[in-house]
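The residues of the chain are indexed from 1 along the displayed sequence. Every number for a ligand or one of its atoms is a count from 1 in the order of the listing.
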Amino acid sequence: MNPPTAHVMSYNDITNDNVLSYFPEIINRVNTASHIAIDLEFTALGNTRSADMAHRYVAMKQTVESAAIVSIGLSIIKPVEPTEPTEPTTPPIKKYQCDNFNFLTLKQGSIVIDSNTGTFLCHHGYSFDSMFTKGIPFTPASPASNVPPRPLLPTEAKPDTRLNQLWKHIIDIMRFKRIPLVLHNGLFDLMYIYHSFIGQLPPNFNMFILKVSLQFPSGIYDTRYLAEKADFKATFLKYVFSKSDRLRQNRAEISTDQRPYFEVNVSPPILQQNSVSGLKRKRQDEAVNNKDVVDNKIQKLGYCPKYAERGYCDLGHKESSKYHDMQVILDHQMGRSKYMSQIPTDDSSHAAYFDAYMTAFSFCYFLNTLSPLVIKSCLNKMLLSGLNHPLTFPIQNPKKA
Ligand SMILES: [Zn+2]
């Protein structure tokens, strides 16, 4: 058997200039998807640690209504017919085709930007210049949507609804074709999507979870919750993805029906991309000057234990520190791997499309390793920090959907 293939990290960069040409391409792909994953970047997270979900929801709602989505990562996964095994003893290889999209978005009207979040975005290569010049405009449902809209003055342009239309189509297809939505730790993402493209956020939490489950009757999966079910040591996205990929690659030579090997092949960009995108920006300058504060223990260990557990640390390491290298952490936990890592070494590891891809890929891993019963038990459950029980969305009866 051939060694696991190295995957191409390609994606489609969608801006105000090309969104219309992409419209049919995206709709066609959603139509044949087995699952789709979404990850958003937004301008504020708010202070939302309350253990009381009713309170937490109200605080999150205020943030979502005043801040904005600045980019959307969308990964569309489609199963490919399995290829015949090269030897009769090996099971056929499961293959998935994946298309990645990165939307640069520009919310109309005023936008609250949290300074920490804005700094984080800029440090990871997000360009607010590009957002204002190339972002796709969209207008969330007005908080007073039960009041009829004020008639436009003759000089006023009609609000741009292309992005709203596209998302309405995507969500409709997911409903009709019973395609589940996959998120990683995605309550904020869900609230931002709801507010931006579905309608006004319901006034209270119970109403929100009911309405979300009606909008997405095919269900929602949280790869953070799935990772916990699979007994992963940590549940932050980069860890879940890297570990899933290693476990997958280790099966290249010992694949069985119970432990199948699978491949996710990323498609090249669909349309010719000749415009400079919202993601191509200055890059290397920060990563090079990497003065870490390191004590002896960490030097001996070779990696940062805090980062290994949570995906961030307060020990004075830069995020790009060698002590935060996921491959070193996994080498320590799982032994060395002879296969390549898929994690890019530049800032794109924090772009929305790459987070969506990591989520979609990790879900493929869980689909191929957890029993169907366990997968079913994870439907509509989401792991939230500070809560003892997963957040549970009501499951909708397929007949009614
Ligand atoms: Zn650290």
Side-chain angles (χ1 to χ4, degrees), residues 9 39-42 44-49 73 114-126 184-186 188-189 222-228 230-247 281-337 339-359 361-362 383-387:
M9 293 319 318
D39 181 84
L40 309 178
E41 299 293 335
F42 27 74
L45 278 158
N47 187 14
T48 48
R49 293 248 132 198
D114 176 84
S115 55
N116 286 331
T117 315
T119 307
F120 173 89
L121 287 170
C122 288
H123 280 166
H124 290 92
Y126 187 82
H184 187 89
N185 192 22
F188 251 126
D189 302 64
D222 171 24
T223 45
R224 192 173 169 218
Y225 184 65
L226 284 154
E228 201 191 56
D231 284 328
F232 278 22
K233 276 201 177 104
T235 57
F236 62 97
L237 181 57
K238 212 168 178 179
Y239 181 94
V240 172
F241 169 73
S242 305
K243 180 158 176 162
S244 299
D245 190 36
R246 273 207 183 197
L247 291 167
R281 312 136 292 212
K282 43 130 205 172
R283 245 164 202 174
Q284 313 302 15
D285 39 342
E286 282 164 63
V288 186
N289 194 3
N290 193 2
K291 272 194 232 117
D292 279 331
V293 182
V294 183
D295 69 22
N296 286 341
K297 204 180 110 204
I298 291 175
Q299 227 159 4
K300 231 185 220 168
L301 204 57
Y303 67 88
C304 166
K306 290 219 166 175
Y307 183 82
E309 196 188 320
R310 313 175 298 195
Y312 60 92
C313 86
D314 49 12
L315 302 177
H317 305 147
K318 293 261 166 73
E319 194 175 317
S320 55
S321 164
K322 64 173 179 174
Y323 298 105
H324 291 180
D325 186 325
M326 193 49 68
Q327 300 316 310
V328 175
I329 295 167
L330 290 175
D331 279 350
H332 183 88
Q333 292 181 356
M334 304 169 70
R336 280 191 167 275
S337 169
Y339 300 121
M340 271 175 69
S341 156
Q342 292 195 62
I343 295 262
T345 48
D346 61 21
D347 294 328
S348 56
S349 70
H350 259 291
Y353 81 90
F354 192 68
D355 283 356
Y357 170 67
M358 290 198 287
T359 304
F361 177 96
S362 304
L383 203 61
L384 287 191
S385 320
L387 290 194

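Annotation: side-chain hydrogen bond (donor to acceptor under 3.5 Å, both in side chains) contacts of Gln327 (sequence neighbours excluded): Arg246, Ser341. Listed by chain and residue number, Asp314 satisfy the salt bridge (charged side-chain N to carboxylate O under 4.0 Å, His left out) test with Lys306 (two or more places apart in sequence, or in another chain). For Thr359, the side-chain hydrogen bond (donor to acceptor under 3.5 Å, both in side chains) criterion is met by no residue, not counting sequence neighbours.
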Would Tyr307 and His317 satisfy side chain to side chain contact (heavy atoms under 4.5 Å, CB included), going step by step from the backbone distance to the final call?
CA-CA 9 Å; Tyr307 183 82; His317 305 147; over 6 Å; no

Working for side chain to side chain donor-acceptor pair (under 3.5 Å), residues Gln333 and Tyr239:
CA-CA 12 Å; Gln333 292 181 356; Tyr239 181 94; 2.5 Å; yes

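Protein N/O/S atoms closer than 2.8 Å to the Zn ion (ligand 1), listed by chain and residue number, are Cys304 SG, Cys313 SG, His317 ND1, His324 NE2.
Aromatic ring pairs are classed by plane angle as parallel below 30°, tilted from 30° to 60° and perpendicular above 60°; the pair Phe241 and Phe354 is perpendicular.
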